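We're numbering straight along the sequence, starting at 1. Side chains included, hydrogens not; waters and symmetry mates left out as well; all remaining heavy atoms used. Fair warning: this is a prediction, and the values are worked out from it, not measured in the lab. Remember, it's 1-based here, ligands and their atoms both numbered in the order they're listed.
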Amino acid sequence: TRSTRPQRLLKAVKQHATRGDPQSVISAIDHFCRHREWAMNVGDEKGCILDSVVSELNPEKVLELGTYCGYSTVRIARLLPPGARLITLEFNPDYAVIARQVIAWAGIEDKVQLVEGASEDWIPRMKEHFGIETFDLVFLDHWKDHYLPDTKLMEGCGLLRKGTVLLADNVICPGVPDYLEYVRNSRSYKSCYFKSHLEYTRAEDGLEKSVFLG
Ligand SMILES: C[C@H](C[C@H]1O[C@@H](n2cnc3c(N)ncnc32)[C@H](O)[C@@H]1O)NC(=O)c1cc(-c2ccc(F)cc2)cc(O)c1O
Ligand SMILES: [Mg+2]
């Protein structure tokens with residue numbers, strides 16, 4: 001039977017990227033998505049904004065919601081200091097199988113824990129299951145109608161501290177209007193918008209960076 005797009009993306013990584021070289025994995029995926037088949041990675045343009053937020057924050061504990069093929073997982077993990085940890089949640093087992101291989105090819109698996117399952121089931125278990133007190137950075141890139149409920153769930157589970165940064169992808173396209181309204185109007189967040197483009201296209205999209213004020 002015909003291969004899937006994530007399988008073809010992984011093949012491109014194995015053909016064009018160097019094992020243990022995260023930058024070559026990122027470049028191979030961007031080239032594949034720009035010249036062969038579009039895929040819903042955060043991409044190179046928004047990826048540079050993601051890089052700058054991660055580099056400035058130097059987080060020890062990172063949570064990513066929505067792994068897909070692991071592109072942003074590799075982008076984030078390659079910038080983390082030794083001992084820092086990234087937990088990434090992926091709902092779709094077929095995507096998780098691909099993401100594990102992309103993460104391994106990049107050679108950053110010792111910084112990453114990929115957990116298969118739904119964010120709403122795992123967020124309440126972060127403390128007892130992973131020994132996490134609070135996160136320094138959360139990258140939201142999963143179902144767009146889950147951003148707001150999961151943010152409220154993280155607040156309720158005490159996973160956010162003064163200064164925790166929420167970075168949300170796709171706040172324009174596909175769009176997350178209820179989440180934007182919340183973080184921009186709540187006294188508990190200082191929020192700002194980084195205008196960019198939908199990955200590999202000229203359509204507008206952007207990232208919203210929201211600092212939790214406690
Ligand atoms: C939602 C997906 C990303 C992944 O998230 C996992 N997921 C879901 N819900 C959960 C959960 N509750 N817990 C854990 N994982 C979870 C899923 O299985 C996907 O692998 N992302 C998108 O749909 C997405 C779509 C577009 C897009 C833009 C314009 C178009 F014309 C078409 C598509 C762009 C983007 O940049 C995206 O990010
Ligand atoms: Mg996205």
Quiz item: Does some non-hydrogen atom of G117 fall short of 4.0 Å from ligand 1?
Solution: yes
Exercise. With heavy atoms under 4.0 Å as the rule, classify the contact between N170 and ligand 1 as side chain, backbone, both or neither.
Key: side chain
Practice problem: Evaluate whether atom CZ of R36 has more than 12 neighbouring non-hydrogen atoms of other residues, nucleotides or ligands under 6.0 angstrom away. | Solution: no
Exercise. Give, for atom NE2 of H142 and atom OG1 of T88, the distance between the pair rounded to the nearest 0.5 Å.
Key: 10.5 Å
Quiz item: Within a distance of under 4.0 Å, is there any protein heavy atom near atom 31 (F) of ligand 1?
Solution: no
Quiz item: So, F130 versus W122, ring centres under 6.0 angstrom or not?
Solution: yes
Self-check item: Numbered atoms of ligand 1 (with element) below 4.0 Å of L198, judged on heavy atoms
Solution: 28 (C), 29 (C)
Quiz item: Does NZ or CZ of K190 lie under 6.0 Å from the centre of the six-membered ring of F212, at an angle within 45° of the ring axis?
Solution: no
Quiz item: To which of P93, A203, C173 does the heavy atom nearest atom 29 (C) of ligand 1 belong?
Solution: C173
Practice problem: Report yes if K144 has an N/O atom closer than 3.5 Å to an N/O atom of ligand 1; otherwise report no. | Solution: yes
Quiz item: With a cut-off of 4.0 Å, which atoms of ligand 1 are near a heavy atom of S119?
Solution: 11 (C), 12 (N), 13 (N), 14 (C)
Self-check item: Shortest protein heavy-atom distance from atom 22 (C) of ligand 1, along with the residue and atom involved
Solution: M40 SD, 3.3 Å
Quiz item: If you round to the nearest 0.5 Å, how far is CG of L137 from OG1 of T164?
Solution: 9.0 Å
Self-check item: Salt-bridge criterion met for R100 and E109 (N-O under 4.0 Å)
Solution: no
Quiz item: Which heavy atom of K127 sits nearest a heavy atom of C157, and at what distance?
Solution: CE-O, 2.9 Å
Quiz prompt | Heavy-atom pair with the smallest gap, counting every atom of A99 and Y68 | solution = CB-O, 3.4 Å
Practice problem: Could you check which of Y95, W143, Y71, W122 puts a non-hydrogen atom nearest to atom 9 (N) of ligand 1? | Solution: W143
Self-check item: Exercise: identify the closest heavy-atom pair between Y71 and D44
Solution: OH-N, 3.4 Å
Quiz item: N/O to N/O below 3.5 Å, does that happen between H142 and ligand 1?
Solution: no
Quiz prompt | Which of the ligand 1 atoms, numbered from 1, are nearer than 4.0 Å to a heavy atom of Y68 | solution = 20 (O)
Quiz item: Should the heavy atoms of other residues, nucleotides or ligands under 6.0 Å from CZ of F91 be counted, would the total exceed 12?
Solution: no
Quiz prompt | P6, G70, P174: member with heavy atom nearest to atom 28 (C) of ligand 1 | solution = P174
Self-check item: Contact (N/O only, under 3.5 Å) between D141 and ligand 1
Solution: yes
Quiz item: By residue and atom, what protein N/O/S atoms are less than 2.8 Å from the Mg ion (ligand 2)?
Solution: D141 OD1, D169 OD2, N170 OD1
Quiz item: Any Lys/Arg nitrogen of D141 or K144 sitting under 4.0 Å from an Asp/Glu carboxylate oxygen of the other?
Solution: yes
Quiz prompt | Rounded distance [0.5 Å steps], CG in L198 versus SG in C173 | solution = 4.5 Å
Self-check item: Atoms in ligand 1 with a heavy atom of H146 nearer than 4.0 Å
Solution: 12 (N)
Quiz prompt | Non-hydrogen atom of L65 closer than 4.0 Å to ligand 1 | solution = no
Quiz item: Going by the order shown, which atoms of ligand 1 are within less than 4.0 Å of some heavy atom of E120?
Solution: 12 (N)
Quiz item: Looking only at heavy atoms, what is the nearest atom pair of T134 and G158, with distance?
Solution: CG2-O, 3.5 Å
Quiz item: Do you know the tightest heavy-atom contact between V42 and S72?
Solution: CG1-CB, 4.1 Å
Self-check item: Atoms of ligand 1 close to A118 [distance to a heavy atom under 4.0 angstrom, numbered from 1]
Solution: 13 (N)
Practice problem: Go through E60 and R85 one step at a time and tell me if the salt bridge (Lys or Arg N to Asp or Glu O under 4.0 Å) criterion holds. | Solution: CA-CA 6 Å; E60 293 289 318; R85 287 170 63 199; over 6 Å; no
Quiz item: Taking atom types as modelled and ignoring hydrogens, do the side chains of S3 and R8 form a donor-acceptor contact shorter than 3.5 angstrom?
Solution: yes
Practice problem: Taking only heavy atoms of E199 into account, list the atoms of ligand 1 that are under 4.0 Å away from them. | Solution: 34 (C), 35 (C), 36 (O)
Practice problem: For atom 17 (C) of ligand 1, find the nearest protein heavy atom and state the residue, atom name and distance (0.1 Å precision). | Solution: E90 OE2, 3.5 Å
Quiz item: Under 3.5 Å between some N or O of ligand 1 and some N or O of T67?
Solution: no
Exercise. Have a look at ligand 1 and work out which part of F91, if any, has a heavy atom under 4.0 Å from it: side chain, backbone, both or neither.
Key: both
Quiz item: Atom CG in L114, atom OG1 in T67: separation rounded to 0.5 Å?
Solution: 4.5 Å
Quiz item: Which atoms from ligand 1 have a heavy atom of D169 less than 4.0 Å away?
Solution: 36 (O)
Self-check item: W38 to ligand 1, any heavy atom closer than 4.0 Å
Solution: yes
